[in-house]
Structures are given as C-alpha cells and as structure tokens.
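Below: one structure, written as structure tokens.
The structure presented is a predicted model; accordingly, all values stated were derived computationally and were not measured.
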Amino acid sequence: MSALVARTGRHQQRYEGGHRLVSGCIPFKYTNLVENSDGTHEKVVEVLMINSTSGPGLVFPKGGWENDETVEEAAIREAVEEAGVRGDIMDFLGHYFFKSKTLQDELSPEGLCKAAVFPLLVKEELQFWPEQNTRQRSWLTIPEAIGLCRHQWMKEALEAFSRWYADQMLSNPKKENHGSGIPRGFDGHLRETCRRS
C-alpha cells in the first residue's frame with residue numbers, strides 16, 4: 001500500500017476570472033537507442049500517459065493548483081499522485097483553456113479551467129502511488145500519444161512539447177541534453193509529427 005496520499009477536496013483551490021486553475025505536466029524520458037542506417041544512434045523520447053477515470057482515451061497528469069503551493073509544485077504533486085513518477089520540471093509550455101463538466105462549482109459554474117503545463121523529465125518511477133488502483137501508466141512515442149490522447153487541449157500541449165524539445169536540440173546540437181545525450185535527427189521527426197497532427 002502506498003504511504004503517499006492524494007489531496008482531495010477544493011477548499012484550497014485557486015480560481016482566476018471564473019476559471020479553475022489547473023497544473024499539469026508531460027512526463028518524458030529517454031529510452032532505448034535506435035541504430036540508423038549510417039551506423040549512428042539516436043535516443044528515442046517517450047511520454048507517459050495515464051488512463052482517464054472519466055472515459056476512454058489517455059491523459060497527462062493534471063489537477064487543481066492549490067493556494068499553498070507554486071504552480072510547479074502542483075504539477076510535480078500531480079505527477080506523483082496520478083502517475084507515480086518523480087522528476088524535474090524543465091520549462092513552461094503554456095496555458096491551455098478547456099471546459100469540464102466534472103469541475104463545475106459555484107466559483108466556476110461553467111466548468112471553465114486554465115491549465116499550466118510543463119515538461120517533466122522523469123527520474124524515478126514509483127512502485128506504489130496514491131492512484132495506482134485507478135490509473136495505469138503507458139509510455140508512448142509522441143505519434144502514439146497524439147493518436148490516443150483524450151482531449152484536444154492536451155494534444156495541443158503535446159505539440160508544444162514537441163516544438164520545445166526540437167528547439168532544445170537545435171539550440172544545443174553538441175551539448176548533452178539533461179545528461180542523456182542528443183537524439184540524432186530527432187528534431188526533424190518531431191516537426192514532422194507536429195505537421196501531421
């Protein structure tokens with residue numbers, strides 16, 4: 001059984017302009033090397049998604065941003081609670097707006113939400129986590145993730161992640177990326193993924 005406990009309730013929930021403020025992340029890691037035809041190798045990036053508890057499709061960890069934490073702390077907390085991973089926030093991908101029938105309340109009667117989303121480089125996968133009985137983890141390539149993503153706004157965040165990652169590769173072509181090495185030619189793959197989706 002997990003020693004960690006998920007936060008519940010909305011008594012500390014932040015709101016802004018009729019929107020419930022949400023924080024989330026796109027957990028990612030580098031996985032096995034792929035050998036190219038010219039003998040070079042590239043690392044493959046995978047993102048972590050979890051099943052939605054409200055219907056088919058996969059989602060990224062996200063939840064309410066509470067008034068006793070920073071938005072980054074909220075994203076890290078949600079990654080632990082929902083997906084059972086710990087890691088480092090790498091950047092800010094942007095704000096995404098959506099409506100949720102399950103998040104309607106007196107301060108956001110229409111269920112309007114504003115989500116801050118961050119890339120999170122996974123350093124540890126927990127064996128036990130608060131929502132392990134209702135969540136299954138899936139590591140996916142970016143094209144797979146786009147195809148299985150439940151919400152349009154999360155697909156847009158994933159496309160922003162793809163652009164962010166490609167920009168990191170272009171701006172640091174010979175530098176090791178977060179201690180993991182640079183996937184050769186991966187920036188072109190990501191840009192093609194964005195064009196197709």
Side-chain angles (χ1 to χ4, degrees), residues 16 19-32 34 42-65 71-72 74-76 78-79 82-83 85 87-103 111-123 135-173 175 177-178 180-197:
E16 179 183 275
H19 288 78
R20 180 177 191 251
L21 299 183
V22 171
S23 185
C25 64
I26 297 179
F28 73 100
K29 70 177 181 180
Y30 300 99
T31 187
N32 47 341
V34 174
E42 66 180 74
K43 289 188 180 185
V44 176
V45 129
E46 290 184 337
V47 295
L48 179 65
M49 300 190 81
I50 52 178
N51 63 295
S52 171
T53 57
S54 61
L58 299 178
V59 296
F60 293 108
K62 62 113 178 84
W65 172 21
V71 69
E72 293 87 358
I76 291 168
E78 292 294 338
E82 293 189 351
V85 292
D88 298 330
I89 295 286
M90 304 310 299
D91 209 334
F92 173 64
L93 294 175
H95 286 112
Y96 299 87
F97 295 85
F98 64 97
K99 278 178 124 176
S100 172
K101 291 180 182 176
T102 60
L103 298 178
L112 300 176
C113 297
K114 177 183 177 182
V117 181
F118 304 88
L120 182 133
L121 178 61
V122 172
K123 299 291 185 74
R135 303 283 192 181
Q136 288 81 46
R137 298 183 287 210
S138 299
W139 284 104
L140 305 163
T141 64
I142 291 172
E144 290 170 335
I146 287 175
L148 294 171
C149 198
R150 176 177 168 87
H151 303 293
Q152 181 59 36
W153 73 269
M154 286 190 178
K155 288 181 184 179
E156 293 167 8
L158 184 55
E159 291 165 0
F161 170 83
S162 297
R163 290 188 299 274
W164 169 80
Y165 187 78
D167 288 344
Q168 296 300 304
M169 297 303 95
L170 290 176
S171 62
N172 299 302
K175 183 180 173 184
N177 187 38
H178 313 306
S180 301
I182 301 295
R184 286 184 171 265
F186 195 69
D187 55 330
H189 167 72
L190 289 172
R191 290 210 168 120
E192 182 60 27
T193 297
C194 289
R195 278 197 293 273
R196 285 197 307 260
S197 58

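Contact annotation: the side chain of Arg20 never approaches that of Leu112 to less than 4.5 Å [non-hydrogen atoms, C-beta and beyond]. Here the side chains of Val22 and Trp65 are not in contact, with every heavy-atom distance at 4.5 Å or above.
The NZ atom of Lys62 sits 6.0 Å away from the NE2 atom of His151 when rounded to the nearest 0.5 Å. Here the CG-CD1 distance, from Asp91 to Ile89, works out to 10.0 Å after rounding to the nearest 0.5 Å. Separating the OH atom in Tyr165 from the CE atom in Met90 is a distance of 10.5 Å, to the nearest 0.5 Å. Residue Glu156 holds its CD atom at 12.0 Å from CZ of Phe98, rounded to the nearest 0.5 Å. Taking CD1 from Ile26 and CZ from Phe60, the interatomic distance works out to 4.5 Å, rounded to the nearest 0.5 Å. Note that CG of Leu158 and CZ of Phe28 are 12.0 Å apart. Values are rounded to the nearest 0.5 Å.
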When the side chains of residues 114-121 are checked against the rest of the protein, which donor-acceptor pairs come out under 3.5 Å, sequence neighbours left out?
residue	atom	partner	partner atom	Å
Lys114	NZ	Glu16	OE2	2.8

Side chains of residues 47-57: which donor-acceptor partners sit under 3.5 Å, not counting sequence neighbours?
residue	atom	partner	partner atom	Å
Asn51	OD1	Gln136	N	2.5
Asn51	ND2	Thr134	O	3.0
Ser52	OG	Ser54	N	3.1
Ser52	OG	Ser54	OG	3.2

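Smallest separation of non-hydrogen atoms from Ala83 and Pro61: CB-CG, 3.8 Å. The minimum heavy-atom distance linking Cys25 with Ala79 is given by the pair SG-CB, 3.7 Å. The shortest heavy-atom contact between Ser100 and Cys113 is CB-SG, 4.4 Å.
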Stepwise side chain to side chain contact (heavy atoms under 4.5 Å, CB included) test for Glu72 and Phe92: CA-CA 9 Å; Glu72 293 87 358; Phe92 173 64; over 6 Å; no
Can you check side chain to side chain contact (heavy atoms under 4.5 Å, CB included) on Lys29 and Glu46, steps first, answer last? CA-CA 6 Å; Lys29 70 177 181 180; Glu46 290 184 337; 3.9 Å; yes
Assess whether side chain to side chain contact (heavy atoms under 4.5 Å, CB included) is satisfied between Thr31 and Trp139, documenting all intermediate values. CA-CA 10 Å; Thr31 187; Trp139 284 104; over 6 Å; no
I'd like to know whether Asp88 forms a side chain to side chain contact (heavy atoms under 4.5 Å, CB included) with Lys123, so could you lay out the CA-CA distance, the side-chain angles of the two residues, the decisive distance to 0.1 Å, and finally the verdict. CA-CA 7 Å; Asp88 298 330; Lys123 299 291 185 74; 2.7 Å; yes
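By the ring-ring contact (aromatic ring centres under 6.0 Å, His included) test, Phe97 is found to be paired with His19, residues two or more places apart in sequence or in another chain being considered. In this structure, the side-chain contact (heavy atoms from CB on, under 4.5 Å) partners of Leu148, at least two apart in sequence or on a different chain, are Leu58, Leu140. Legend: residues meeting side chain to side chain donor-acceptor pair (under 3.5 Å) with Arg135, ordered by chain and number and at least two apart, are Glu82, Glu131. For Lys155, there are no side chain to side chain donor-acceptor pair (under 3.5 Å) partners, not counting sequence neighbours.
Between the side chain of Ser23 and the backbone N or O of Val71 there is at least one donor-acceptor pair closer than 3.5 Å.
Looking at Glu144 and Thr141, their side chains do bring a donor and an acceptor atom within 3.5 Å of each other.
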